[in-house]
Amino acid sequence: MGAIAGAWQWLTTAANWAGEKGAWHRLAEHLWLSGVCLALACLIALPVALWLGHLGKGGALAVSLSNVGRAVPTFAVLVLLTLSPLGRHGDWPTVIALVLFAVPPLLTNAYLGMREADRDVVEAARGMGMSGPQLLLRVEIPLAYPLIMTGLRSATVQVVATATLAALAGGGGLGRIITAGFGNYDTAQVVAGALLVAVLALAVEGTLVLAERLLDPMRGRRRAARSASGPRTTSRRAPARTDASGPELIRTD
Amino acid sequence: MSGHAAGPSCLETNDWICGEYLRTRSQELTDATVQHLGITAVSVLIGLLIAFPLALLARSRRGAAGPVLGLTTVLYTVPSLAMFALLTPVFGVSAAVVVTGLVLYSLTILVRNILAGLQAVPAEVREAARGMGYGPARLLLEVELPLALPALVAGVRIATVSTVAMTTIGSVVGYGGLGNLIASGMEGFFKAEVLTASVLCVLLALLADLLLMLLQRLLTPWTRAQARGAARARRGARVARAAG
């Protein structure tokens with residue numbers, strides 16, 4: 001319990017929050033780094049996944065991509081990039097590592113979402129005379145939305161965790177508070193930093209779950225559609241992370 | 001490598017690939033690999049021992065499934081560095097910190113997979129076994145468990161690969177197996193050490209995955225005859241219904 005009290009004292013000391021090495025600055029670094037990398041990863045992964053899904057091609061690539069990353073430790077990638085010539089260019093090793101680990105969940109889930117959109121509905125829309133872009137925007141993306149968001153959530157969890165590790169390779173972010181604490185044998189600071197990281201990760205996850213519900217293009221309609229069309233649709237709407245064979249997030253950090 | 005006997009050795013030029021490093025530090029590499037394997041194996045085994053009763057609990061009581069799955073998912077959201085840091089005051093700087101953290105992570109994957117496997121056992125099979133006079137314990141051990149084995153091993157494979165990768169972070173408390181070498185290589189800007197340890201890490205994960213796959217084939221010879229696609233689709237549907 002001494003550690004909890006010590007961490008509380010650390011967290012309630014104003015001096016620990018101020019300045020270049022303070023918690024506010026580390027939090028800002030963490031959020032900025034995570035946000036930029038997530039946006040970059042989305043810009044790379046989503047257009048590719050939606051396009052491949054719309055054409056129905058490249059499935060093997062999209063699915064195997066998520067399997068390749070599983071065996072590679074995030075820490076190793078971060079350190080390898082830091083020691084490479086890229087390491088002389090500030091934050092680039094961290095940014096590249098974060099994007100590398102965020103792309104596979106986004107790509108795989110969005111692709112699967114597009115492919116598993118009810119083919120009957122897509123065919124019906126095509127029969128109604130919808131053009132390719134109309135089909136994509138008004139039928140396929142709304143139907144693929146749950147899996148796209150699952151991918152986004154997985155990628156975000158991954159990015160926030162990887163950004164924490166950046167501290168081990170000399171980068172910024174909240175992880176720096178933890179590594180500095182280990183360096184000084186300051187358990188209170190270690191625990192305080194860990195609490196901040198854990199709260200941030202959970203808050204981000206919670207925000208995304210909420211946003212997922214609020215932004216759902218078929219809000220309110222999905223449930224009705226599901227119960228009307230029977231068990232087949234239910235199985236297609238399976239949240240990927242609960243399915244043993246689905247593209248669930250596998251942490252390597 | 002040995003062709004340039006007169007030139008500077010690859011250790012002096014700090015090459016990424018260095019045979020001399022492998023020769024001179026083989027003991028260090030072996031020790032790190034053994035520690036890595038030990039931490040991974042102990043974590044996954046303890047994870048399995050805890051996950052099994054949790055999955056049974058989640059299955060037998062409707063009210064328990066939500067909290068059990070929810071809690072393990074929340075644990076999975078916490079970054080590993082923070083997890084190890086939070087466990088340090090509990091266990092001190094020791095291997096127990098790393099093992100406990102890794103056990104908690106493996107629970108998420110293992111509980112889900114065991115639960116999915118048990119729920120995928122066809123109701124008719126269960127009924128038939130009951131009709132033949134099987135009690136609950138015998139039903140579980142002789143009928144349900146063998147049928148759930150493919151899903152269980154699939155979970156163990158994912159958990160193992162993930163655990164091999166995450167063990168590297170244990171280097172923050174000095175018990176990271178090959179991660180220790182990656183960390184010390186980073187501090188000393190020693191490229192060969194970092195690359196060798198990283199490659200060994202990936203090889204360990206792939207090797208463990210392969211061995212577990214072979215183990216599953218040995219344990220469940222009947223699955224090879226079945227149409228795999230059909231079984232997987234059925235499992236997916238049942239999991240979805242249970243989770244939805």
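Just so it is clear: chains get the letters A, B, ... in the order the sequence lines come, proteins before strands, and each one is counted from 1. These values consider heavy atoms only, across backbone and side chains, with no hydrogens, waters or symmetry-generated copies.
Contact annotation for Leu80(A): both backbone and side-chain heavy atoms come within less than 4.5 Å of a heavy atom of chain B. If you measure heavy-atom distances from Phe190(B) to chain A, the contacts under 4.5 Å come from the backbone alone. Contacts between Ala205(B) and chain A at a heavy-atom distance below 4.5 Å involve the side chain alone, from C-beta outward. Within the 4.5 angstrom heavy-atom criterion, only side-chain atoms of Val173(B), from C-beta onward, approach chain A. Contact annotation for Leu174(A): neither backbone nor side-chain heavy atoms come within less than 4.5 Å of a heavy atom of chain B. Both the backbone and the side chain of Ala169(A) come within contact range of chain B, judged by heavy atoms closer than 4.5 Å. Using a 4.5 Å cut-off between heavy atoms, Ser162(B) contacts chain A through both its backbone and its side chain. Interface residue Leu168(A): backbone and side-chain heavy atoms are both found under 4.5 Å from chain B. Both the backbone and the side chain of Val202(B) come within less than 4.5 Å of a heavy atom in chain A. For Thr163(B), no part sits under 4.5 Å from any heavy atom of chain A, backbone or side chain. In this structure, the portions of Ala183(B) lying under 4.5 Å from any heavy atom of chain A include both its backbone and its side chain. When heavy atoms are compared at a cutoff of 4.5 Å, Thr164(A) approaches chain B by way of both its backbone and its side chain.
Side-chain atoms of Trp16(B) and Leu83(A), non-hydrogen and from C-beta on, do get closer than 4.5 Å to each other. For the pair Leu81(B)/Val197(A), no side-chain contact is recorded, criterion being any heavy-atom separation below 4.5 Å from C-beta on. Looking at Pro73(A) and Thr167(B), their side chains never come closer than 4.5 Å, going by heavy atoms from C-beta outward. With contacts defined as side-chain heavy-atom distances shorter than 4.5 Å, the pair Cys201(B)/Phe75(A) does not qualify.
Heavy atoms only, all atoms of each residue included: Thr77(B) and Glu205(A) are closest at CG2-CB, 3.9 Å. Minimum heavy-atom separation, Val190(A) to Ala85(B): CG1-CB, 3.4 Å. Annotation for Ala76(A) and Ser198(B): closest pair CB-OG, 3.3 Å, computed over non-hydrogen atoms. The two residues Pro89(B) and Ala3(A) make their nearest non-hydrogen contact at CB-CB, 3.3 Å.
Within 6.0 Å of CH2 in Trp17(A) there are more than 12 heavy atoms belonging to other residues, nucleotides or ligands. Shown here is Trp8(A), whose CH2 atom has no more than 12 heavy atoms of other residues, nucleotides or ligands within 6.0 Å.
Taking CG of Leu86(B) as the start and CG of Leu195(A) as the end, the distance is 5.0 Å to the nearest 0.5 Å.
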Could you go step by step and tell me if Phe84(B) and Ile178(A) meet the side chain to side chain contact (heavy atoms under 4.5 Å, CB included) rule? CA-CA 10 Å; Phe84(B) 294 150; Ile178(A) 302 176; over 6 Å; no
